[in-house]
Every structure is written in C-alpha cells, then in structure tokens.
Amino acid sequence: MPFLMDVNLSLDSALFLDLDGTLADISPDRNSIRIPPAAERSLMGIFDCLSGAVAIVSGRDIDDLAVRVPEALWRIGNHGAFVLAPGESGRTFPSLIDPAIIDDVKRRCAELGLDLEVKKTSIAIHYRSTPELESASHGLLARYAGQDSEYLMEAGKMVAELKVRNVGKGKAIEERMRQAPFAGRLPLFLGDDVTDEDAYPVINRLGGVSIKVGAPPSLATTFASSPAEVRQWLEQQAAALHTL
Ligand SMILES: O=P(O)(O)OC[C@H]1O[C@H](O[C@H]2O[C@H](CO)[C@@H](O)[C@H](O)[C@H]2O)[C@H](O)[C@@H](O)[C@@H]1O
C-alpha cells in the first residue's frame, strides 16, 4: 500500500488539503480547531514555492473556515460550494437552506439537547458527545432528504448532515484545476472523511495523488496514519521545495 511519507511535492504540484481530521486533530470541541502554527508556516512556505497553488478544502462554512485558515491561502468552504482567493475577505455568501427547515431543526435539536451547526449549504447535527442519539440525528434530518428533494443526507465523523445537492469537493477541485494558479499542475489531495471520497476519483483521473488519513477502504490510492504525520510531511516538503 503506498504511503504519504513516500510522496514528494515538486515545483509543479498543486496541493489541496482538508482541515478537520487531516491538518488538525479531531476534537470534541469543533470551535477550538486551528491549524497548528508550525503547520501554517509549512503551508505558507509551500504556497510560495508552488506559486500559490495551495488550497484548504473543507466542509466547514466559508465564514468559519476564514477565521481558522490564513487569509494568504485559498479557502474552499461549504464542501466546495464557496471559494475565497488569497487575500480575499469580507465577501458575503448566500444561505441556500430553507429558513423554515432551519427553524424546525433548531427547535427539535434544542428539545433533544443535540449540537446543531448551521452552515450556508448544509445543516449538521453533531452527536460526538451524545453517541446514543446517532440514529435520532439522522432521522431528524432524513425527513427533508429524498429523491425529489433539493437536499440529500451525508454522514461524517460523528455528524449527520443535510446538504444541498450538486456540491462537492471533487467538483470544486476540478474547477480550480482549470484556472490559475492550479491549471497545468499535478494535484494532490489529502482528506480523511466520507465527504472527501468524491474528490479522490477526480484527483486520480487528473493523474495526481489522492491521500486518505486513515485506513482503507477508500478511493484514495495513498494513506497516512494521522494528522500529526501530515504535519510532519508538510514540514519536510516545505524544506525540500526550498532547496529546488
Ligand atoms: O472537511 P473538513 O475540513 O474535514 O470538515 C469536516 C467537518 O469538520 C467539523 O466536524 C468534524 O470535526 C470536529 C472537530 O474536530 C468534530 O468535533 C466533529 O465530530 C467532526 O464531524 C465541522 O464542524 C463540520 O462543519 C465539517 O463539515
């Protein structure tokens, strides 16, 4: 099985990374997540060497992502729906979720003591601290999903999510790869969760390297053991690129 530590960036790489569970360790407190400072420095070094072809691609809301990721990097939030270019800030993105659904889910979550995260293209119920409510969480959102609905259900790490259709990290990466500074480069994508699986076939088709932090099964071709290993790899790659 190919491993991340055997992969090297070159000056014509394009690097896409997921945040939670890939760059940052999973934590019970989603609001505490930050990219560790050393990893930020590595990312900025790589960004310089790759002429800006580095993006953080996250399921988090774009506004939430913007406070956790350096403004100097590309930030792709809402599972790929919304993009902030390096240096871009203060832009307003629309909410695509029916407010009536948000109100109803908010009320039901409050009754059950469930942790609700409202984003612009999805609503997520986190049950990390209430695992006994896993099926209740899925059930609560499933009533709004289905073949004829504009929403679909997705499962993540201890989270049930109701999401607008036609949004995905694979689609977002493919779009970036058609434009500067990514076009003409060889893409690498590092992810860890179910919502990252749709990006791996895109990367594989483009001849790049798809990496999962975790174990098979996955459509990724290459594996890493932990976010700590990813951060160590980034530090090594930043140092190596600077010698080229
Ligand atoms: O695409 P990502 O950057 O990996 O974001 C995926 C989701 O991450 C967050 O939830 C997950 O991480 C939390 C912090 O470690 C953890 O408490 C939670 O159980 C995980 O599901 C975030 O809250 C979601 O919006 C993202 O979709």
Side-chain angles (χ1 to χ4, degrees), residues 15-36 39-40 43 54-70 73-84 93 95-97 102 105-106 109 113-134 136-138 141 151-164 167-173 176 189-200 202-203 210-214 218-220 224 226-231 234:
L15 183 61
F16 298 91
L17 302 109
D18 165 84
L19 176 57
D20 295 272
T22 297
L23 265 175
D25 297 299
I26 290 289
S27 149
D29 177 10
R30 58 187 159 80
N31 294 315
S32 70
I33 297 302
R34 290 283 183 281
I35 302 175
E40 271 197 14
L43 286 169
V54 178
I56 307 301
V57 191
S58 176
R60 285 184 181 259
D61 193 85
I62 190 73
D63 295 338
D64 180 5
L65 193 64
V67 296
R68 294 172 208 285
V69 175
L73 296 176
W74 285 88
R75 291 139 295 158
I76 305 176
N78 296 89
H79 297 290
F82 298 136
V83 182
L84 285 170
F93 294 92
S95 173
L96 305 182
I97 307 286
I102 296 176
V105 173
K106 257 187 194 161
C109 282
L114 277 164
D115 174 18
L116 176 67
E117 182 182 10
V118 178
K119 309 187 250 184
K120 291 179 195 62
T121 58
S122 62
I123 41 181
I125 301 180
H126 292 267
Y127 49 85
R128 187 168 291 280
S129 57
T130 51
E132 70 282 7
L133 294 178
E134 174 178 355
S137 305
H138 285 279
L141 295 177
Y151 307 105
L152 52 78
M153 288 289 297
E154 212 158 53
K157 288 187 169 167
M158 309 298 270
V159 65
E161 195 154 8
L162 182 78
K163 209 175 117 178
V164 296
V167 158
K169 293 185 181 184
K171 193 176 166 190
I173 290 173
R176 280 305 110 204
F189 172 65
L190 291 90
D192 71 305
D193 207 349
V194 179
T195 56
D196 300 315
E197 287 292 325
D198 88 320
Y200 300 139
V202 170
I203 299 291
S210 55
I211 300 136
K212 178 181 177 184
V213 181
S218 171
L219 295 171
S226 65
E229 187 180 286
V230 171
R231 295 191 294 264
L234 286 171

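Counting convention: from 1, in listed order, for ligands and their atoms alike.
- Evaluation of the side chain to side chain donor-acceptor pair (under 3.5 Å) rule for E154 yields K163 as partners, not counting sequence neighbours.
- With rounding to the nearest 0.5 Å, the separation of CG in L152 from OG in S122 is 10.0 Å.
- When each of D115, L114, L133 is tested with H126 by the rule side chain to side chain contact (heavy atoms under 4.5 Å, CB included), just one qualifies, namely D115.
- The OG atom of S27 lies 4.5 Å from the CD1 atom of I33; values are rounded to the nearest 0.5 Å.
- At least one side-chain heavy atom of D18 sits under 4.5 Å from a side-chain heavy atom of K169.
- Remark: the backbone N or O of Y200 is not paired with any side-chain donor or acceptor of K212 at under 3.5 angstrom.
- For ligand 1, the 4.0 Å heavy-atom shell contains residues D18, L19, D20, I26, S27, P28, R30, I33, S58, G59, R60, H79, E117, K119, H126, R128, K157, V159, K169.
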